[in-house]
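So you know, we letter chains A, B, ... as the sequences are listed, proteins then strands, and number each from 1. Since this is a predicted model, take the numbers as computed values, not measurements. The basis for the numbers below is simple: all heavy atoms, side chains too, and nothing from hydrogens, waters or symmetry mates.
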Amino acid sequence: MIIIKKNMKSKKSNDDFFKKVLKIVGKIPKGKVTTYGEIAQAIGLKSSARMVGWALNSAAGDDSLPCHRVINRNGELTGKRHFRTPELMRELLENEGIEFLGDKVNIKKHLWRPK
DNA sequence: CCGCTGACCCTAG
DNA sequence: ACTAGGGCCAGCG
């Protein structure tokens, strides 16, 4: 009667987190981009932007998941290395109408915040 | 069990 | 404007 609480909670939390990340990323509209930090905050974790990347890494290869629209706060395509090819990420973004400033995305113009 | 690593972000000097 | 360091949670050797 007194036990089992801790164990259950821990397991549930981790799965729930993963689910939310995929859901939010999948909701990113075409022609928009968001950041790891924004997603992390939308989920409820204030400083766990790294976990967002971790979740995406586990889901890498899923064509239904526009992980190329997820970038860092600086507008840099930090996750390009985990794609099939480093250039693929930029190609996809440019194809959707995202503007680039040098090697970085014009995040100020295309930023989309999950609500 | 301990420690390192990671698709990040913030604060301080 | 740039560099350095700490914090965060989860996975892996």
Side-chain angles (χ1 to χ4, degrees):
Chain A
M1 291 281 189
I2 316 168
I3 18 169
I4 309 177
K5 226 159 87 178
K6 201 171 184 182
N7 194 342
M8 223 164 119
K9 185 177 180 185
S10 187
K11 208 169 184 182
K12 184 180 177 186
S13 183
N14 123 25
D15 189 50
D16 197 40
F17 166 78
F18 190 90
K19 225 171 177 179
K20 286 180 179 175
V21 174
L22 302 183
K23 199 167 185 180
I24 292 175
V25 174
K27 284 179 179 172
I28 303 174
K30 182 181 176 184
K32 296 285 180 180
V33 291
T34 190
T35 68
Y36 302 96
E38 293 293 328
I39 294 173
Q41 285 191 31
I43 292 168
L45 303 172
K46 299 174 183 176
S47 307
S48 301
R50 305 182 112 165
M51 298 300 91
V52 178
W54 162 77
L56 264 48
N57 187 14
S58 296
D62 195 329
D63 294 339
S64 302
L65 190 67
C67 39
H68 55 272
R69 294 179 190 154
V70 185
I71 57 186
N72 71 345
R73 208 55 173 170
N74 206 22
E76 250 184 288
L77 282 57
T78 50
K80 68 182 178 187
R81 315 186 75 132
H82 291 271
F83 281 76
R84 292 191 272 240
T85 61
E87 293 184 356
L88 177 62
M89 189 170 184
R90 173 153 183 171
E91 289 288 314
L92 289 168
L93 290 171
E94 284 185 321
N95 191 27
E96 294 191 352
I98 306 295
E99 288 187 36
F100 276 76
L101 304 174
D103 292 353
K104 299 177 185 174
V105 179
N106 190 345
I107 188 170
K108 290 187 175 182
K109 189 171 183 180
H110 301 288
L111 179 61
W112 173 83
R113 300 186 68 180
K115 66 175 184 176

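Looking at heavy atoms from C-beta onward, A:E96 lies in side-chain contact with A:H68 at the 4.5 angstrom threshold. The closest side-chain heavy-atom distance from A:R90 to A:D103 is below 4.5 Å.
Distance CG (A:L93) to C1' (B:dA7): 14 Å, rounded to an integer number of Å. In this structure, the NE2 atom of A:H82 is 15 Å from the P atom of B:dT5, given to the nearest Å. As a whole-Å value, the separation of A:L65 CG from B:dA7 C1' is 12 Å. Computed from coordinates, the A:E38 CD to B:dA7 C1' distance equals 16 Å when rounded to whole Å. Rounded to whole angstrom, the span from the CD atom of A:Q41 across to the P atom of B:dC8 amounts to 16 Å. Between A:W54 atom CH2 and C:dA10 atom P the separation is 7 Å, expressed in whole Å. If you take CG of A:L88 and P of B:dA7, they are 17 Å apart, rounded to a whole angstrom. Rounded to an integer number of Å, the gap from CD1 of A:I39 to P of C:dC9 is 18 Å.
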Take A:E99 and A:K109, measure what side-chain contact (heavy atoms from CB on, under 4.5 Å) needs, and give me the verdict at the end.
-> CA-CA 8 Å; A:E99 288 187 36; A:K109 189 171 183 180; 2.6 Å; yes
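Ring geometry, A:W54 versus A:F17: the interplanar angle falls under 30°, so the pair is classed parallel (tilted spans 30 to 60°).
Of the C1' atoms belonging to C:dC2 and B:dA7, the separation is 23 Å, rounded to the nearest Å.
Of the candidate nucleotides B:dC9, C:dC9, B:dA7, C:dC9 has the atom lying nearest to any side-chain atom of A:M51.
Within the nucleic acid shown, A:N72 comes within 4.0 Å of sugar-phosphate atoms alone, with no base atom in reach, counting heavy atoms only.
Side-chain nitrogen and oxygen atoms of A:S48 include none within less than 4.0 Å of the OP1 or OP2 phosphate oxygen of B:dC8.
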